[in-house]
Amino acid sequence: MSMKGGIGHGLHRGTCQSVDKGAGHPLAARMSDAVKMSFGQGLAASVPLILGYAPIAFSFGVAATRSGLTGWEAVALSLIMYSGAAQFVAIALLAAGAPLVVAAATLIGMALRHVLYGPSLLRHAGADGTTRHAWAWAFGLTDEVFAAALGELARGRRFSEPFMFGLGLGAYGAWLSGTVAGAWAGGGALAAWPAVNAGLGFMLPSLFLALLLSMFTRAQVPVIVVAGGVTVAVTVLVSGTAGLLAGMLAGAVAGVWSAGRQRDAV
Amino acid sequence: MRSEVAALVLIVGACTWAFRYFPLRARLHDLAAGSVLGRFLAATGPAAIATLFAAEVMPYLQVAVTRQLPLLTGIAAVLAAFAWRRSVVVATLAGSVTFGVISALVAS
């Protein structure tokens, strides 16, 4: 989930890079001796995700009902879409009366980054990277579940599909129950608690900044600067929806250009 | 449930699942990292997060500078907490709590 977001273990760049070093790295030998992670270990690893997801999902439920969605509609977004940041954008698009095609294109564009998570995870899993039941556990492969799984692999644990089910189930359960609680509490639930309301309102900017920090490298500076700058400019000049699409596309194009220059320099 | 909401949820939900699942089966991890498509996909994640952060922060910047103390302290808390723990969870909660507390103090 940009929250897709949502949140998870901070992805330690150093440890993950060590996994990339391949079979010759000492970590590879350590991994070969380790036992594959179990379903229970997956659930245990999901505890930080549960702590992070629950308040954000609660604020989603509150925000959704506040913006005019019914409780069932809010829960359906979490149950079927299960994509945190996209869900918040969805309620903004629905509240603004955006046409279905525009709303769907925006949200699908936001989800495109998930294409990278599975291949990256399998590359780090090595020979343990089975996909027999991936049709099911891939549903829960959010930004944070991906980051948490990668973090476990970076610590020398061995990939298994039961582990992915445990990790994903804990996170999904927290997201769903948080949404139900927020939708049940309703849009006016926090009116008497302005400080809590303000804090929950700032949860997403905090989350996106933290996610940005977790994946920050020097090579991504052009991507971040271009994406942020274009978003602000197009939002001011055109609209918020156009700003989101333009920012993402411009940032990705900047990434293609930047990576090409670096490759040429080498 | 309204039909447009149901349609949006089903379309986006199906695409999100497809984006998460099919690359696993298509062995996209064998895709050359240096290809244009590979580079574009690699940059999409950070670009999306940066875009969302900018979009989320913009409304907070549209108030007077003197009322931006909660925003500044919230961002500072995220940066400090992430530097301390390297955890997205801790950093997010630190930013949110700090923003809420400072907002209450400023309002009182």
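Chain naming here is simple, since letters A, B, ... match the order of the sequence lines and numbering starts at 1 in each. Keep in mind that this is a model prediction, so the values were computed, not measured.
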Please report the shortest heavy-atom distance between [X] and [Y], naming the atom on each side.
{"X": "B:Leu24", "Y": "A:Gly118", "result": "CD2-CA, 3.4 Å"}
{"X": "A:Ile108", "Y": "B:Cys15", "result": "CD1-SG, 3.6 Å"}
{"X": "B:Val9", "Y": "A:Met81", "result": "O-CG, 3.8 Å"}
{"X": "B:Thr92", "Y": "A:Ser206", "result": "O-CB, 3.5 Å"}
{"X": "A:Gly243", "Y": "B:Thr51", "result": "O-CG2, 4.2 Å"}
{"X": "B:Arg20", "Y": "A:Thr142", "result": "NH2-CG2, 3.8 Å"}

Taking C-beta and beyond as the side chain, do [X] and [Y] meet within less than 4.5 Å on heavy atoms?
{"X": "B:Ile11", "Y": "A:Leu107", "result": "no"}
{"X": "A:Leu213", "Y": "B:Arg86", "result": "no"}
{"X": "A:His114", "Y": "B:Thr16", "result": "yes"}
{"X": "B:Tyr60", "Y": "A:Pro205", "result": "yes"}

- Task: Against chain A, work out which of B:Val101, B:Val12, B:Leu79 has the most heavy-atom pairs shorter than 4.5 Å and name it.
- Result: B:Val12

Does any N or O in the side chain of [X] come within less than 3.5 Å of the main-chain N or O of [Y], such that one atom is a donor and the other an acceptor?
{"X": "B:Ser103", "Y": "A:Ala198", "answer": "no"}
{"X": "B:Glu4", "Y": "A:Leu100", "answer": "no"}
{"X": "A:Trp135", "Y": "B:Phe22", "answer": "no"}

Under a 4.5 Å heavy-atom cut-off, does chain B meet the side chain of [X], its backbone, both or neither?
{"X": "A:Leu121", "value": "neither"}
{"X": "A:Leu77", "value": "both"}
{"X": "A:Val196", "value": "neither"}

Between [options], which shows the greatest number of heavy-atom pairs under 4.5 Å with chain B?
{"options": "A:Ala250, A:Gly251, A:Ala134", "result": "A:Ala134"}
{"options": "A:Leu69, A:Thr70, A:Val232", "result": "A:Val232"}
{"options": "A:Val223, A:Leu209, A:Ile224, A:Thr231", "result": "A:Leu209"}
{"options": "A:Trp72, A:Trp137, A:Phe139", "result": "A:Phe139"}

- Partner of A:Phe202 under side chain to side chain contact (heavy atoms under 4.5 Å, CB included), picked from B:Ile75, B:Ile102, B:Thr98, is B:Ile75

- For the atom pair OG (A:Ser83) and CZ (B:Phe19), what is the distance rounded to the nearest 0.5 Å? 10.5 Å

- CZ of B:Arg25 to CG of A:Leu122, rounded to nearest 0.5 Å, is 10.0 Å

Is it the side chain or the backbone of [X] that comes within 4.5 Å of chain A heavy atoms, both, or neither?
{"X": "B:Met58", "answer": "side chain"}
{"X": "B:Leu61", "answer": "neither"}
{"X": "B:Arg2", "answer": "both"}

- Query: For B:Leu52 and A:Val89, what are the C-alpha separation, side-chain angles and deciding distance, and is it a side chain to side chain contact (heavy atoms under 4.5 Å, CB included)?
  - Reply: CA-CA 9 Å; B:Leu52 291 166; A:Val89 174; 4.0 Å; yes

